Amino acid sequence: MENHGLFEKFLSGEMSDAERSEFLNRLASDPQLEKEFRVWTDIDETIVAYQKREDFRKQLMNVSDEYFSTDNNKLARKISFVSKGWMKVAASFAALAIIGIAIYLIFFSVPSYNEIYADLYSPLKTDVITRSSADSTDKTKKTFVLYQEGKYKECIRFINSEFSKDSLSTQLQIVLGLSYMETGDHVSAAEILEKASADKQNIMHGDCLWYLSLCYLKLEQLANCSKVLKELISTDPSYSEKARSLLDKIE
Amino acid sequence: MEQKDIYTCAEIEDGIRNSNREVLLYIYKKYFPIIRNIIIKEYGGTHEHARDVFQDAMVTVYTGLISNPPLKISSNFLNFLCMVCKRRMIDELRKKSKESREVEVCGISDEGININEYMEKEEKMRLFEKHFHKLGEKCRQLLSLFLNGLSTKEITNKLKMSSEQFTKKRRLQCKISLFKSIFTDSTLRELIDGKPWTIREIPKW
């Protein structure tokens with residue numbers, strides 16, 4: 001790995017014809033030397049492209065931020081007025097998770113509850129979050145957007161400061177519970193989700209039960225987890241298979 | 001280039017090459033939802049995955065476009081972008097699951113562009129950049145200025161080096177240091193000696 005002087009001499013055109021010819025012959029017959037020379041010249045190419053790539057990345061980040069902030073607003077607006085479309089997305093979401101669980105169960109030995117939780121838990125997709133048009137106030141919208149943007153602590157603060165605890169709608173209770181889950185406060189999450197789960201007519205009832213069962217799993221309250229999963233299986237077909245798999249696992 | 005409803009493939013290529021904001025925004029608006037659906041539906045990825053993969057793919061395309069000879073996509077930009085994104089996603093999943101089996105993956109676009117070539121180039125660029133970042137600030141400046149065509153005298157003045165001779169010596173030391181750190185990186189061995197994309201197996205997740 002000490003051919004650098006040779007490489008530099010060749011690249012700067014300082015070699016005589018004889019030296020040049022000998023160097024090229026060595027390159028053709030010595031794979032190690034050829035590898036080293038390739039890396040040596042590729043370094044130059046990378047350095048030349050480096051600044052351009054950095055500038056491009058920055059510009060792309062700006063555009064991406066611009067795009068996603070607009071996209072998010074659109075989504076939030078969509079959430080306020082679309083009440084049925086979520087079912088398809090929820091079904092796809094559940095199907096993906098079911099496939100994930102199936103693969104997990106087939107290929108791996110018995111994991112810990114924490115591992116099962118880590119495997120199953122993912123934040124609720126924002127386009128799955130729906131609510132009735134009756135409560136689509138600006139504050140509610142903001143709550144959903146905060147959750148959607150991953151600002152969970154801010155979301156919790158906002159709900160607690162802007163809404164009265166007693167008059168919190170079921171959807172907001174669910175978003176609050178999900179935010180607590182994201183911050184690792186599963187006790188508070190379970191408490192609020194349990195309250196929300198009493199509203200059986202709510203459009204997000206299935207989601208609520210699913211995340212409540214995950215909270216119990218995380219807290220290793222298996223009897224509660226099992227009870228919630230059984231209710232989920234009997235009430236929400238889009239979650240039943242996924243819930244059944246988890247039930248089998250913990251029982 | 002002003003904001004338009006539709007850009008031709010050549011305009012898109014130009015726009016990316018020049019980091020044109022309107023064109024990049026157009027690409028996001030028009031193609032990101034498609035790519036996101038593919039990543040989520042076909043690979044079980046998330047919205048965040050899709051964002052990262054899309055961004056990485058755009059950098060790969062940009063690098064191809066500023067290369068010599070430059071990448072020429074000609075007609076179907078979406079098709080090309082999809083292939084790059086899919087390939088990146090497969091590779092990511094393969095690495096994540098430590099998948100080592102080998103299978104066949106088609107690496108040629110409809111227009112005969114070998115995607116593998118650009119993917120490997122991107123991987124190599126990332127590896128080199130990683131090591132370049134680790135160099136000291138002065139070394140990075142020195143190497144960059146030299147490759148930007150500044151003379152040794154100009155560099156000596158600009159970086160306030162003691163003499164041109166020292167500048168030359170320092171530049172070589174910096175480059176050797178970079179070379180050694182890249183050359184001893186095991187990832188490089190995989191990139192150089194590893195089997196090409198065309199004979200890698202699509203992992204079964």
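Computed from a predicted model, the values in this text were never measured in an experiment.
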Does atom [atom1] ([X]) have a neighbourhood of more than 12 heavy atoms from anything else shown, all under 6.0 Å?
X	atom1	value
A:Glu22	CD	no
B:Lys134	NZ	yes
B:Lys41	NZ	no

Roughly how far, to the nearest 0.5 Å, is the [atom2] atom of [Y] from the [atom1] atom of [X]?
X	Y	atom1	atom2	answer
A:Ser64	B:Phe32	OG	CZ	8.0 Å
B:Arg126	A:Thr46	CZ	OG1	12.5 Å
B:Leu178	A:Ile47	CG	CD1	5.5 Å

>> Assess the residue pair B:Met58 and A:Arg57 against the criterion (side chain to side chain contact (heavy atoms under 4.5 Å, CB included)); give the C-alpha distance rounded to whole Å, side-chain angles, the decisive distance to 0.1 Å, and a yes or no.
In response: CA-CA 9 Å; B:Met58 286 294 289; A:Arg57 277 195 192 104; over 6 Å; no
> Going through the distances and angles, do A:Tyr50 and B:Met125 end up as a side chain to side chain contact (heavy atoms under 4.5 Å, CB included)?
Replying inline: CA-CA 8 Å; A:Tyr50 174 77; B:Met125 284 271 186; over 6 Å; no
>> Tell me which of these, A:Leu60, A:Asp55, A:Val48, has more heavy-atom pairs under 4.5 Å with chain B than the rest.
In response: A:Leu60
>> Please verify the inter-ring angle class for B:Tyr62 with A:Phe56; under 30° counts as parallel, over 60° as perpendicular, anything in between as tilted.
In response: parallel
Cationic N near anionic O, under 4.0 Å, [X] to [Y]:
X	Y	value
A:Arg53	B:Glu122	yes
B:Glu129	A:Lys52	no
B:Arg171	A:Glu8	yes

> Of B:Phe183, B:Phe128, B:Phe179, which meets ring-ring contact (aromatic ring centres under 6.0 Å, His included) against A:Trp40?
Replying inline: B:Phe179
>> Counting only non-hydrogen atoms closer than 4.5 Å, does A:Lys58 touch chain B with its backbone (N, CA, C, O), its side chain (CB onward), both, or neither?
In response: neither
> Quick one: what part of A:Asp42 sits under 4.5 Å from any heavy atom of chain B, side chain, backbone, both or neither?
Replying inline: both
> Is chain A contacted by the side chain of B:Ile66, its backbone, both, or neither, given a heavy-atom distance below 4.5 Å?
Replying inline: side chain
>> For A:Val63 versus B:Tyr28, what's the shortest heavy-atom pair and its separation?
In response: CG1-CD1, 3.8 Å
> Of the non-hydrogen atoms in A:Gln59 and B:Ser19, which two are nearest, and what is the gap between them?
Replying inline: NE2-O, 2.8 Å
>> Would B:Lys121 and A:Glu45 count as a side chain to side chain contact (heavy atoms under 4.5 Å, CB included) here? Give the steps.
In response: CA-CA 11 Å; B:Lys121 186 169 185 166; A:Glu45 196 191 340; 2.9 Å; yes
>> Does A:Gln51 form a side chain to side chain contact (heavy atoms under 4.5 Å, CB included) with B:Ser144? I'd like the steps, not just the answer.
In response: CA-CA 9 Å; A:Gln51 198 49 53; B:Ser144 299; over 6 Å; no
>> Looking at chain A, which one of B:Ile27, B:Ile182, B:Thr63 has the largest number of heavy-atom pairs inside 4.5 Å, strictly under?
In response: B:Thr63
